[in-house]
Structures are given as structure tokens and as C-alpha cells.
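What follows is a short report on a single structure.
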Amino acid sequence: MSPAMLMNAVGASNEEDVTAESQYQKGVKHLSENGIARLPKRYILPVSERPNITPNDEPCSCKKYSLKLPIIDFSQFQGSSRSQALNSLANACEHYGIFQLVNHGICSEVTSKMLDVSKRFFELPFEERQKLMSPDMYSTVRYGTSFNQTKDGVFTWRDFLKLMCHPLQDVLPHWPSSPTDFRNLAVTYVNENKRLFLMLMEAIVDSLEVTGEDNILEEIKDGSQLMVVNCYPPCPEPQLTLGMPPHSDYGFLTLLLQDEVEGLQILHQDKWLTIEPIPNSLVVNVGDHLEIFSNGRYKSVLHRAIVNSAKPRISVASLLSVPLKTMVRPSPKLINEANPRGYMDTDFGTFLKYISSCEPRKKNFLDSRKLT
């Protein structure tokens with residue numbers, strides 16, 4: 001090949017790479033709508049990081065590893081069974097880092113409408129969704145793709161809408177105006193989530209036996225609240241990629257609302273196990289801030305999302321914690337000679353600075369805050 005022909009070939013290849021990259025930045029919903037039959041290389045994980053499933057969406061082993069999480073009945077915190085319910089809560093947070101919450105008090109109409117309007121948002125024309133795209137991690141409203149599309153070496157099969165939810169009166173005007181009922185339905189759900197979070201945290205503080213010893217319950221009343229609406233379209237080759245990579249959540253608690261499609265997995269006893277959705281329940285997982293506050297007694301759970309080739313999946317994650325500038329530290333009552341302080345102080349700004357500078361992997365942010 002002559003030098004001129006070689007230069008032309010390289011130039012054409014570079015143009016194709018740029019064109020392909022611009023398509024990936026538009027998200028997987030856009031790719032799925034265009035009917036791709038093969039997974040682009042940008043989404044193919046190294047073999048060691050791929051989910052343990054076959055091209056037919058079945059686990060490689062004969063047995064499907066699924067897990068029924070501890071079920072916490074929220075109504076039991078209100079009556080004579082509170083002591084027993086607190087013990088069950090402590091066991092779930094300590095040994096699983098995650099549980100299914102039933103009878104949580106958010107009516108099914110509110111949750112079903114939240115899932116429905118989330119689905120309708122992702123069904124909007126790409127040009128409408130694109131208006132909210134931003135690489136700014138600090139943005140009040142951010143539509144994007146993958147996990148952190150500015151840092152991810154390999155993209156994951158997920159589009160998302162992130163909404164800051166506090167203070168609500170300040171952020172609401174920036175939320176999507178389409179679908180036209182999105183704001184009203186989302187506000188109702190957000191308010192119900194905050195109410196539930198405050199009562200759950202009261203129970204968690206009681207289960208740790210630090211009631212009255214820490215002002216954490218006052219701090220979270222005016223705390224941060226982030227809602228992440230996730231869309232996982234059907235994937236042509238789900239065995240080669242993930243919807244979200246293994247990670248833990250930064251806040252105190254994450255309250256997850258999901259449809260009936262399986263996709264959430266947690267690492268439990270060194271195995272990735274699929275969580276079976278329970279109708280009208282919420283999945284609640286321990287975040288990094290609660291692990292720090294409990295001085296390691298309660299563990300944030302490592303989790304990921306898998307995808308499938310047949311059904312789209314929608315989930316709505318609410319991450320709640322203290323105010324953005326408030327430092328989180330181990331409760332003094334949980335530090336003693338037998339259990340010395342294990343974590344540095346941290347805040348949300350430290351977390352954002354960390355994930356803005358590197359590709360988030362597993363629990364690496366929390367590991368960076370450990371003293372031992």
C-alpha cells in the first residue's frame with residue numbers, strides 16, 4: 001500500500017472511530033432503538049469482569065444463583081414487635097448490607113406511577129432527552145449513559161437521569177418538563193422517600209444503640225437526596241457487558257424501586273447472587289456513610305446490574321445522606337479499645353472529587369477513607 005493510500009485508510013478509520021464514539025455518547029437507548037444486532041467493542045468487558053451468564057441469559061452453571069434477601073416489615077417498628085424488628089434490621093445490615101422492605105407506607109399507586117413516568121421519559125425522542133445531557137458531576141439535573149461516561153474505559157449498558165432533590169423548591173424548576181406529569185409524580189415519590197428514610201434511620205440508630213449519643217438524626221433532616229432513574233434496554237449480547245459495574249453507594253441508605261425484571265446482583269459470600277424482586281417492596285442497601293458512621297459494624301454492599309436480551313428494565317434509586325458539606329465520622333460510642341476508629345472523616349465533596357479524578361471501581365472510595 002502506498003503512503004497516500006495508508007494515510008487515507010488511517011484517516012477513514014479515525015473518522016469511523018469518532019462517529020462511533022459520538023453514537024455511544026448518545027446512550028444505549030439510542031443504540032437499542034436503532035436495532036443493533038451485535039454489541040459494540042466499546043461495551044465489551046474483559047473476560048474476567050463479565051457476568052457469569054451464557055448468550056441465552058442463563059448462568060454458566062446448572063444452578064441459577066439467586067437470593068431471597070432478609071425481609072424487614074416496616075410496620076413492626078411501630079408496635080410491640082419493635083425490639084424484634086430492630087434485631088432483624090441489625091442482622092440484615094451487618095451480614096448482608098441489604099434487605100427487602102415491605103409494608104413501608106408508600107402506596108402502590110405512587111410507586112407504580114413513578115415507574116411509569118420514568119419509562120415514559122426514556123421513551124421520549126432522543127433530541128428531547130439530549131437537552132439534559134451534561135458531563136458535569138455537580139449538575140442539578142443530568143442525563144447520561146454508562147457509569148461515568150467521562151472516565152469509563154469500557155461503557156456499561158445503562159442510561160440514567162440524575163436529579164438532585166434538595167432543597168426541592170430550588171431544584172424543581174430544573175427537572176424535566178416532559179413528560180408533562182413527571183415533576184408532580186416525582187415530587188410525590190421524593191417526599192415519601194424522605195419521610196421513610198428519616199424513620200428508617202431512627203430505627204438504625206436504635207439498632208446500633210447510639211440513640212441520644214449523636215446528632216445524626218438532626219443532621220439528616222436537612223440532608224442530601226439524589227434520585228437516579230436507570231434505564232437498561234434489551235442488550236444484543238448481555239453475556240459480554242453489565243448494566244452497572246460492581247460498586248457501593250456513597251450515602252447512608254439507598255432506597256431502590258424496581259420493576260418486575262431481574263437485574264440487581266449483590267456479592268454475598270464471594271458469589272454474585274441475583275435479587276428476586278418482590279412486588280410492592282423496596283430494596284434498601286447500606287451505603288458507605290453508614291459503614292463509616294457504624295465504624296464498620298454495618299457494611300455497605302457491593303452490587304452491580306446485569307442486563308438481558310429480551311426485556312427492558314427500569315429502576316429508581318434514591319440515595320440519602322447528611323447535607324453535602326457535613327462531615328461523616330464514626331459515632332464516638334462505637335469506638336473503643338476493642339474496636340478502634342477505622343475511618344477518616346469524609347463528605348460528599350470528597351466523594352465527588354475522588355470519582356471525578358478516576359474510574360470508580362468496587363468500593364475503592366470507601367477503601368481510601370479507611371485508617372487500617
Side-chain angles (χ1 to χ4, degrees), residues 67 69-70 72 88-101 147-148 193 196-197 200-201 203-205 207-208 210 214 216 219-220 223-228 230 242-256 258 264-273 275 282-305 315 317-322 324 326-331 334-335 339 341-355 358-372:
L67 178 68
L69 292 177
I72 303 297
S88 297
L89 178 64
N91 179 71
C93 292
E94 191 168 341
H95 297 291
Y96 291 84
I98 190 170
F99 54 89
Q100 299 265 24
L101 188 69
F147 192 67
N148 181 356
N193 258 259
L196 178 59
F197 168 68
L200 266 177
M201 279 299 300
I204 282 174
V205 167
S207 74
L208 287 168
V210 294
D214 202 291
I216 192 67
E219 291 177 336
I220 61 174
S224 63
Q225 185 173 4
L226 174 69
M227 184 165 70
V228 185
N230 299 302
L242 287 168
M244 288 191 76
H247 67 285
S248 59
D249 294 336
Y250 73 86
F252 264 83
L253 293 176
T254 297
L255 280 59
L256 181 74
Q258 57 182 337
L264 175 64
Q265 291 190 327
I266 68 167
L267 188 66
H268 183 67
Q269 297 179 348
D270 296 323
K271 288 182 180 178
W272 283 108
L273 303 176
I275 304 305
L282 294 172
V283 176
V284 181
N285 65 271
V286 172
D288 292 345
H289 286 177
L290 180 51
E291 179 169 332
I292 292 172
F293 176 76
S294 69
N295 201 33
R297 178 177 169 185
Y298 293 169
K299 302 292 187 183
S300 64
V301 64
L302 195 62
H303 56 289
R304 69 182 188 182
S315 69
S318 298
L319 293 82
L320 300 106
S321 191
V322 294
L324 299 181
T326 298
M327 285 291 178
V328 177
R329 55 181 57 89
S331 173
L334 299 176
I335 300 172
N339 191 34
R341 178 175 178 147
Y343 303 84
M344 292 182 275
D345 293 359
T346 193
D347 62 5
F348 184 66
T350 307
F351 170 75
L352 280 183
K353 185 177 180 181
Y354 185 90
I355 65 170
C358 65
E359 183 178 349
R361 298 181 66 85
K362 299 185 179 180
K363 294 176 69 169
N364 56 359
F365 172 71
L366 183 65
D367 291 340
S368 75
R369 312 311 298 164
K370 289 182 177 179
L371 293 173
T372 55

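Atom CG of Leu256 and atom CG of Leu282 lie 8.0 Å apart (nearest 0.5 Å). Between the CE atom of Met201 and the OG atom of Ser207 there is a distance of 9.0 Å, given to the nearest 0.5 Å. Put simply, CE on Met244 and CD on Gln265 are 13.5 Å apart, with the number rounded to the nearest 0.5 Å. Leu264 CG to Arg304 CZ: the interatomic distance, rounded to the nearest 0.5 Å, is 10.5 Å. With values rounded to the nearest 0.5 angstrom, Ser294 atom OG is found 9.0 Å from Asn339 atom CG. To the nearest 0.5 Å, atoms OG (Ser321) and CG (Asp249) are separated by 11.0 Å.
Residues passing the salt bridge (Lys or Arg N to Asp or Glu O under 4.0 Å) test with Arg369, sequence neighbours excluded: none. With sequence neighbours left out, Asp345 forms a salt bridge (Lys or Arg N to Asp or Glu O under 4.0 Å) with Arg329, Arg341.
The backbone N or O of Leu69 sits nowhere less than 3.5 Å from a side-chain atom of Gln100 that would complete a donor-acceptor pair. At distances below 3.5 Å, at least one donor-acceptor pair connects side-chain atoms of Asn295 with backbone N or O atoms of Gly342. Distance alone, capped at 3.5 Å, is enough to place a donor-acceptor pair between the His303 side chain and the Val301 backbone.
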| field | Pair Ile72-Val284, side-chain contact (heavy atoms from CB on, under 4.5 Å): steps then yes or no | value | CA-CA 10 Å; Ile72 303 297; Val284 181; over 6 Å; no
| task | Give the C-alpha distance, both sets of side-chain angles, the deciding distance and a yes or no for side-chain contact (heavy atoms from CB on, under 4.5 Å) between Leu320 and Ile220. | result | CA-CA 8 Å; Leu320 300 106; Ile220 61 174; over 6 Å; no
| request: Please report the C-alpha distance between Asn91 and Ser88 in whole Å, then the side-chain angles of each, then the deciding distance to 0.1 Å, and finally whether the side chain to side chain donor-acceptor pair (under 3.5 Å) criterion is met. | output: CA-CA 5 Å; Asn91 179 71; Ser88 297; over 6 Å; no
| said: Go through it in stages, so that I can follow the logic: the residues are Val210 and Ile216, the test is side-chain contact (heavy atoms from CB on, under 4.5 Å), and I'd like the CA-CA distance, side-chain angles, deciding distance and then a yes or no. | reply: CA-CA 10 Å; Val210 294; Ile216 192 67; over 6 Å; no
| message | Please determine whether side-chain contact (heavy atoms from CB on, under 4.5 Å) holds for the pair Val322 and Asp347, giving the CA-CA distance in whole Å, both sets of side-chain angles, and the decisive distance to 0.1 Å. | response | CA-CA 9 Å; Val322 294; Asp347 62 5; over 6 Å; no
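Taking 4.5 Å as the limit, every side-chain heavy atom of Thr254 sits out of range of all side-chain heavy atoms of Ile98. Residues Lys363 and Lys370 are not in side-chain contact: their nearest non-hydrogen atoms beyond the backbone lie 4.5 Å or more apart. Counting heavy atoms from C-beta on, the side chains of Phe197 and Ser318 never come closer than 4.5 Å. Taking the side chain as every heavy atom from C-beta outward, Val286 and Tyr96 never approach each other to under 4.5 Å. Side-chain contact between Ile204 and Leu253 is present, with at least one heavy-atom pair separated by less than 4.5 Å. A 4.5 Å side-chain heavy-atom check between Asp288 and Thr346 finds every atom pair outside the cut-off. Counting heavy atoms from C-beta outward, Leu208 and Tyr298 have side chains that approach closer than 4.5 Å. Here the side chains of Tyr250 and Ser300 are not in contact, with every heavy-atom distance at 4.5 Å or above.
Pairing each heavy atom of Gln225 with each of Asn193, the nearest pair is NE2-CB, 3.9 Å.
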